[in-house]
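Since the structure comes first, as structure tokens, the remarks are kept for the end.
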Amino acid sequence: MRGYENFFGEKEIIRYLANKRAKAAKDIHDNQFLRNISRNAQKPFDPEKKKRIYKYFPPRNNWIRFRKKERKQYSNSKSLNAAQLERTVWREHKRIKRGDSDERDWHKNLFSLIDAIRERALSDVPKQISSPKLIPVVKSKEDNTYRLISSFEKIVDKVLISQTAKYLTEIFDPLFEDCSYAFRAKNKKNFTHHLAVREIIEYKSNYNSQRLYAAESDIQKFYDSINHSTIKDRFDVLVQKLKVTGIVVDERAKSIFYAYLNCYAFNKDVYPKEEEILNKHQINEGNIAWVKPSDLKDVNSNIDNDRIGIPQGGALSCLIANIVLDYADKEMLNLNLRSLFYARFCDDIIIIHPQKGSCRRAYNQYLQCLEDLKLLAHDAETFEEYNADFWDIKSKEPYVWNRVNKSHRLAKKNVPWLAFVGYQLRYDGLLRVRPDSIQKELEKQVEEANKVINSLPNEDSKRLKKRNILFRFSQRLIAMSVGRVNSEDQAMCWASGF
């Protein structure tokens, strides 16, 4: 197991920064798409802001270019460019150290930044992290509601948060249960949402001719409503468990973890400033969705005295979800219910059992765990007959996962599809992507088409010929949906998530 210092070595930091440089280039390329085909297209953002990280790396025409065989190892252009850039940096660094080449400005900038990061990370001085920039993103057009994405502006803060998250994830991961599938450290089991679905299929195969009951629970605004006192309590529990095994969590990592909590709280930084935040982004009507303060009070979470809510978008927030909900995982397994299937992906869970009473017992136990953790579950709603409205229900008490029979008094309430992590699995084993996920992708492609049409009101606005515009647009839609593929690999894209 690697020590804390290993996560802040020169190689680790350069690898992180190279990935950020590659991502910045991709973002600029993607967002300049309309500008490249139409003179009337609005500039989507100030590219100079994205290019700030460019000063830490050599210009593109100096990069090493991998040969075809080596390029095949990378599934997308971003990871390929990051790897090529990382190797270029080390080649130039060695030349400069040998005296074969003069030091360039980018090299001075890069290693000065590395020194600043290492000084912050490795010193025993109490850590501080600047408050993140808050960016409203549409949650529901119909309700005119927004959720906030947090963006940490300072590059040193970003590295501290990201590398500390990797360190803590690696040492905490052995304490987590196999029923947790999200944000895990790399190991032999390779926890993913795909694995979760495969294990549901395997479980179902043991009960092909037997009725199964399923239940689901959805936490209300998990990241925005989690109490900092709960996070600290569960964090300390894991630290003590590691200590018993002889593993001591580095105090500097603890300091960064607590600094992360201190830099933001929804009830302090958002709730009383909602109108100010929206107006800053020219949003005159709308609201930032949150839970009712009275409901938080019911689970002993006080918006006046406590700090509640963590940044959405920070690397440590993903780990915090596992740190806190590991308590629920262990309590569910401690039920010792034979034939129980329980799986959690971040804050989404599924419970399955061949007996209704046992399924309900497990469901009630999970709800009690959320209350213990000062979290709120959406109230489960009842339904008289299975129909499309069923999918609008957030939390679902035990229901029969089986064929629907409209003429049968009880079987008309059966639910044929089990939904989890973007998939739907039918009672007879058919697996599909959730229809609303496909619909959202189709709507996104229509939206992209409308952007192109609106940017070309007349012939004079075209930068390219019609044939070239159509070709570029079709390639963009393909890249968005199924990726740039060949017979051997597939890029990261919407479809590759399934």
Does some side-chain heavy atom of Leu148 sit less than 4.5 Å from a side-chain heavy atom of Ile277?
yes

Check whether any side-chain N or O of Ser225 sits under 3.5 Å from a backbone N or O of Lys221 as a donor-acceptor pair, and report yes or no.
yes

Crowded around Lys268 NZ? As in, over 12 foreign heavy atoms under 6.0 Å?
yes

Report yes if some heavy atom in the side chain of Leu425 is under 4.5 Å from a heavy atom in the side chain of Trp417; otherwise report no.
no

Do the side chains of Asp295 and Val299 get nearer than 4.5 Å, heavy atoms only?
no

Side chains of Gln128 and Ser130, donor plus acceptor under 3.5 Å:
no

Taking atom CZ as the centre, does Arg432 end up with more than 12 heavy-atom neighbours from other residues, nucleotides or ligands that are less than 6.0 angstrom away?
yes

Assess the side chains of Asn414 and Tyr386: does a donor N or O sit below 3.5 Å from an acceptor N or O?
no

Using distance alone, with no hydrogens and no angle criterion, decide if Asn6 and Tyr167 have a side-chain donor and acceptor under 3.5 Å apart.
no

Once the angle between the rings of Phe191 and Tyr181 is folded into 0 to 90°, is it parallel (under 30°), tilted (30 to 60°) or perpendicular (over 60°)?
perpendicular

Inspect the surroundings of CD in Gln210 and state if more than 12 heavy atoms from other residues, nucleotides or ligands are less than 6.0 Å away.
yes

Donor on one side chain, acceptor on other, Gln240 and Asp236, under 3.5 Å
no

Rounded to the nearest 0.5 Å, how far does CG of Asn302 lie from NZ of Lys297?
7.0 Å

For atom OH of Tyr271, decide whether the heavy atoms of other residues, nucleotides or ligands shown that lie under 6.0 angstrom number more than 12.
no

If you define the side chain from C-beta out and look only at heavy atoms, does anything of Thr164 sit under 4.5 Å from Phe8?
yes

Are there over 12 heavy-atom neighbours, none belonging to Glu384, within less than 6.0 Å of that residue's CD?
no

Would you call Lys26-Asp30 a salt bridge at under 4.0 Å N-O?
yes

Inspect the contact between Lys444 and Glu447 and indicate whether a charged nitrogen and a carboxylate oxygen are less than 4.0 angstrom apart.
no

Would you say that Ile308 contacts Ile226 through its side chain, given a criterion of any heavy-atom pair below 4.5 Å between the two side chains?
no

Is there a side-chain contact between Ser317 and Tyr260, using heavy atoms and a 4.5 Å cut-off?
yes

Residues His194 and Tyr423: side-chain donor-acceptor under 3.5 angstrom
yes

Lys204 NZ to Tyr427 OH distance, which is reported to the nearest 0.5 Å:
9.5 Å

Asp218/Lys396 salt bridge by N-O under 4.0 Å criterion
no

Got a salt bridge between Glu5 and Arg252, using NZ or NE/NH1/NH2 to carboxylate O under 4.0 Å?
yes

Between Glu199 and Lys189, is the closest basic N to carboxylate O distance under 4.0 Å?
yes

Please check if any side-chain donor atom of Asn322 sits under 3.5 Å from a side-chain acceptor atom of Arg344, or the reverse.
yes

Between Lys413 and Phe383, is there a donor-acceptor pair closer than 3.5 Å when you use the side chain of the first and the backbone of the second?
yes

Heavy-atom side-chain contact between Asn262 and His228 under 4.5 Å:
no

Hydrogens and angles aside, do Asn227 and Asp306 bring a side-chain donor and acceptor to less than 3.5 Å of each other?
yes

Within a radius of less than 6.0 Å around NZ of Lys139, do more than 12 heavy atoms belonging to other residues, nucleotides or ligands occur?
no

Contact between Lys127 and Phe257 at the side-chain level, heavy atoms closer than 4.5 Å - yes or no?
no

Between Thr230 and Asp233, a side-chain donor and acceptor under 3.5 Å
no

Quick one: do Glu276 and Lys273 make a salt bridge, cutoff under 4.0 Å?
no

Is the ring centre of Trp401 less than 6.0 Å from the ring centre of Tyr213?
no

Calculate, to the nearest 0.5 Å, the distance between atoms CD1 and CZ belonging to Ile135 and Arg147 respectively.
11.0 Å

Evaluate whether atom CZ of Arg211 has more than 12 neighbouring non-hydrogen atoms of other residues, nucleotides or ligands under 6.0 angstrom away.
no

Is a side-chain donor-acceptor pair under 3.5 Å present for Glu216 with Tyr399?
yes

Check: Phe235 ring centroid to Phe172 ring centroid under 6.0 Å:
yes

Does Ser407 form a side-chain hydrogen bond (donor to acceptor under 3.5 Å, both in side chains) with Asn405? I'd like the steps, not just the answer.
CA-CA 6 Å; Ser407 61; Asn405 184 346; 2.8 Å; yes

Tell me if the NZ atom of Lys406 is crowded by more than 12 foreign heavy atoms within 6.0 Å.
yes

